[in-house]
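Notes to accompany the following structure.
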Amino acid sequence: MSIEVGNVVEGVVTGITNFGAFVELPEGKTGLIHISEVADVYVKDVHDFLSEKDKVKVKVLSIDDRGKIALSIKQLQEKKPEAQAQTGNSSFRPQRQSRGPRDFRRGGRYNNTTASFEDKLSKFLKDSDERLTDLRRKTDSKRGGRGSRRSD
């Protein structure tokens, strides 16, 4: 079987790098499966999916002018119907379950419905002042304190 774009061929993994895996194809040719073409899921390390001397079926994606052969395992894998329905918005983030509309006025730091506006304001100002003081203390210690500024 000749190696042409679109064909599915079987080969043997000969080497694994941080950017993909080299596969020896029929006729003694070598192609590369880029890390993005190894699996449908995020691939941090190719070793998690492939190891040397594994027999793999690959699809030939392209052959460039210099004879480099781009391969893919991902394009051979059948996508699950429920996965296609969820990934219709092309976002990798899983959809959260609907919990109804959110009311941001409820809950939170200052949730005391019996307190008056003045009480809530004074609590906010106190918390804010404490946070600013803490932040200044941490920042000043990294700079060497307030009194240690150089005079030129």
Side-chain angles (χ1 to χ4, degrees), residues 1-113 120 123-124 127-146 148-150 152:
M1 174 187 273
S2 65
I3 299 172
E4 297 174 5
V5 176
N7 282 0
V8 176
V9 294
E10 192 168 304
V12 178
V13 178
T14 57
I16 296 179
T17 65
N18 57 350
F19 55 85
F22 289 97
V23 177
E24 186 173 332
L25 302 170
E27 302 173 17
K29 296 187 178 183
T30 301
L32 173 71
I33 306 171
H34 188 265
I35 191 169
S36 64
E37 294 293 332
V38 171
D40 276 338
V41 295
Y42 174 73
V43 179
K44 183 174 179 136
D45 187 7
V46 180
H47 288 95
D48 295 340
F49 293 86
L50 298 171
S51 54
E52 289 191 31
K53 299 180 183 157
D54 280 354
K55 283 190 175 185
V56 290
K57 278 193 175 184
V58 293
K59 180 177 181 180
V60 180
L61 297 180
S62 66
I63 303 173
D64 73 0
D65 302 338
R66 296 184 294 178
K68 289 185 178 180
I69 303 170
L71 306 170
S72 174
I73 295 174
K74 179 169 91 171
Q75 293 189 18
L76 287 179
Q77 296 171 344
E78 292 183 20
K79 294 188 179 186
K80 298 175 184 124
E82 70 269 1
Q84 285 178 338
Q86 285 183 349
T87 58
N89 62 359
S90 76
S91 172
F92 290 105
R93 186 187 317 175
Q95 294 177 345
R96 69 180 181 93
Q97 295 175 352
S98 177
R99 291 177 265 176
R102 287 188 173 180
D103 187 2
F104 289 104
R105 293 172 293 178
R106 296 183 348 205
R109 232 179 275 147
Y110 308 105
N111 185 19
N112 189 355
T113 54
K120 290 179 183 179
K123 179 165 175 34
F124 169 78
D127 287 350
S128 179
D129 189 43
E130 287 174 1
R131 289 176 186 205
L132 278 173
T133 305
D134 190 38
L135 182 64
R136 280 192 195 110
R137 193 177 308 124
K138 289 178 182 176
T139 328
D140 287 345
S141 67
K142 291 179 183 174
R143 281 193 243 146
R146 289 180 177 261
S148 64
R149 291 193 178 134
R150 295 184 194 150
D152 292 333

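These values consider heavy atoms only, across backbone and side chains, with no hydrogens, waters or symmetry-generated copies. Fair warning: this is a prediction, and the values are worked out from it, not measured in the lab.
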Worksheet item: Considering all heavy atoms of both residues, which atom of Q77 and which atom of V38 are nearest to each other, and what is their separation?
Response: NE2-O, 4.1 Å
Worksheet item: Looking at residues at least two apart in the chain, or sitting in another chain, which of them share a salt bridge (Lys or Arg N to Asp or Glu O under 4.0 Å) with D134?
Response: R137, K138
Worksheet entry | Sequence-distant partners of I63, side-chain contact (heavy atoms from CB on, under 4.5 Å), two or more places apart | I3, V5, V60, I69
Worksheet item: Looking only at heavy atoms, which two atoms of K57 and I73 are closest? And how far apart?
Response: O-CG1, 4.0 Å
Item to complete: Working to the nearest 0.5 Å, report the span between CD1 of I33 and CD of Q75.
Response: 11.5 Å
Worksheet entry | N-O pairing of R131 and D127 below 4.0 Å | no
Worksheet item: Which residues pass the side-chain contact (heavy atoms from CB on, under 4.5 Å) test with T14, sequence neighbours left out?
Response: F22, E24
Worksheet item: Quick one: does K74's side chain have a donor or acceptor within less than 3.5 Å of a partner on S36's backbone?
Response: yes
Discussion item. For V13, run the side chain to side chain contact (heavy atoms under 4.5 Å, CB included) check against V56, V58, V46 and tell me which one passes.
Written reply: V56
Worksheet item: Say you draw a straight line from CD1 of I35 to CG of L50; how long is it, rounded to the nearest 0.5 Å?
Response: 10.0 Å
Worksheet item: Is it true that a side-chain atom of S128 and a backbone atom of F124 form a donor plus acceptor pair closer than 3.5 Å?
Response: no
Worksheet entry | Approximate separation, where rounding is to 0.5 Å, of E27 CD and L25 CG | 9.0 Å
Practice prompt. Taking D64 for its side chain and G67 for its backbone only, find out whether a donor-acceptor pair lies under 3.5 Å.
Written response: yes
Worksheet item: Hey, what do you get for CD (E37) to CG (D40), rounding to the nearest 0.5 Å?
Response: 9.5 Å
Discussion item. Please find the pair of heavy atoms, one from K55 and one from V12, that lie closest to each other, and give the distance.
Written reply: CG-CG2, 4.2 Å
Worksheet item: If you measure from CD1 on I16 to CG on D45, what distance do you get to the nearest 0.5 Å?
Response: 8.0 Å
